[in-house]
Amino acid sequence: MSGADSTLTERAEKDKDTGELTALQAALGAEHAAVYGYGVVGGLIGEARRSEARAAYDAHRARRDELARAVRALGGTPVAAAAGYALPFPVSDSVGAVRLAADLEERVAGVYSDLVRAAMGERRRTGAEGLREAAVRAVRWRGGSVPFPGLAERADAASAPATATPTA
């Protein structure tokens with residue numbers, strides 16, 4: 001391989017790692033927001049679905065920790081959680097908590113779809129697993145499914161961000 005080919009290969013590898021790191025950081029940020037959101041869900045959800053909310057909260061915490069390790073493995077510094085996040089709509093009762101849980105899962109699924117697109121190998125598998133888990137939880141909360149989980153909100157991307165917005 002010539003020197004020019006070697007340089008191009010190294011640059012392509014660096015670009016891939018940068019894109020993968022960016023997608024991992026975005027997924028980590030979404031998991032931080034989901035953990036925060038499930039704190040709200042858990043405080044307002046009815047007794048019948050409290051264990052489901054707790055299981056989702058624990059799953060997002062585990063994914064968050066796994067993503068932080070993956071970011072470090074690529075040489076990055078994991079993005080920190082914000083002190084607070086703006087909820088996508090007011091939540092004041094159990095019905096709103098269920099709606100928030102479904103919304104959180106849809107947003108997380110969207111970010112994981114970006115990770116699947118950007119990653120290779122084991123990290124792509126991690127993204128696909130995160131997408132699947134979030135899509136299944138969204139179906140449970142919503143009571144119905146969408147044709148392409150993780151992509152449904154992309155149609156409304158101009159009107160809604162992919163993750164919750166940090167507050168000051």
Side-chain angles (χ1 to χ4, degrees), residues 23-73 78-119 121-157 159-168:
L24 281 167
Q25 292 279 34
L28 176 56
E31 290 293 5
H32 284 314
V35 167
Y36 178 90
Y38 269 102
V40 174
V41 170
L44 296 170
I45 197 76
E47 184 65 35
R49 299 194 79 179
R50 188 160 291 141
S51 64
E52 187 178 355
R54 180 60 186 204
Y57 174 77
D58 290 342
H60 285 291
R61 288 179 54 200
R63 283 278 174 196
R64 176 199 64 194
D65 296 346
E66 179 183 3
L67 290 166
R69 286 189 298 273
V71 166
R72 282 189 210 93
V79 63
Y85 294 86
L87 299 178
F89 48 84
V91 180
S92 58
D93 58 15
S94 185
V95 171
V98 169
R99 186 171 155 226
L100 176 60
D103 188 78
L104 291 168
E105 297 300 347
E106 289 169 0
R107 290 168 187 251
V108 167
V111 176
Y112 275 116
S113 71
D114 293 340
L115 179 58
V116 169
R117 184 176 31 247
E122 188 59 35
R123 288 188 189 99
R124 176 176 252 169
R125 189 175 350 274
T126 296
E129 289 169 358
L131 171 57
R132 179 185 48 81
E133 290 170 8
V136 168
R137 282 191 297 266
V139 167
R140 287 183 183 142
W141 288 116
R142 191 182 327 99
S145 64
V146 296
F148 297 103
L151 300 177
E153 75 276 3
R154 297 298 192 229
D156 297 327
S159 63
T163 59
T165 306
T167 59

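- No hydrogens or angles considered: nothing links the side chains of His60 and Glu133 as a donor-acceptor pair under 3.5 Å.
- How far CZ of Arg132 is from OH of Tyr112: 11.5 Å, rounded to the nearest 0.5 Å.
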Checking Thr126 against Glu122 for the side chain to side chain contact (heavy atoms under 4.5 Å, CB included) test, could you report, in this order, the C-alpha distance in whole Å, the side-chain angles of both residues, the deciding distance, and whether it holds? CA-CA 6 Å; Thr126 296; Glu122 188 59 35; 4.2 Å; yes
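- Atoms CG and CZ, from Leu115 and Arg125 in turn, are 12.5 Å apart once rounded to the nearest 0.5 Å.
- The shortest heavy-atom contact between Ala59 and Arg137 is CB-NH1, 3.6 Å.
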Candidate pair Arg63 and Glu31, rule salt bridge (Lys or Arg N to Asp or Glu O under 4.0 Å), full reasoning: CA-CA 7 Å; Arg63 283 278 174 196; Glu31 290 293 5; 5.3 Å; no
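- The local environment of CZ in Arg140 is sparse, with at most 12 non-hydrogen atoms from other residues, nucleotides or ligands closer than 6.0 Å.
- Across Ala135 and Ala109, no two heavy atoms sit closer than the pair N-CB, 4.5 Å.
- In terms of heavy atoms, Val108 sits closest to Ala34 at CG2-CB, 3.9 Å.
- For the residue pair Tyr36 and Ala83, the shortest heavy atom distance occurs at CE1-O, 4.3 Å.
- Nearest heavy-atom pair, Ala68 versus Pro78, reported as atom, atom and distance to 0.1 Å: O-CG, 3.6 Å.
- Shown here is Arg99, whose CZ atom has no more than 12 heavy atoms of other residues, nucleotides or ligands within 6.0 Å.
- For Arg50 (side chain) and Ile45 (main-chain N/O), a donor-acceptor pair under 3.5 Å exists by modelled atom type.
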Residues Asp103, Arg107; criterion salt bridge (Lys or Arg N to Asp or Glu O under 4.0 Å); working and verdict: CA-CA 6 Å; Asp103 188 78; Arg107 290 168 187 251; 2.4 Å; yes
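- The shortest non-hydrogen separation linking Val116 to Gly127 is CG2-C, 3.4 Å.
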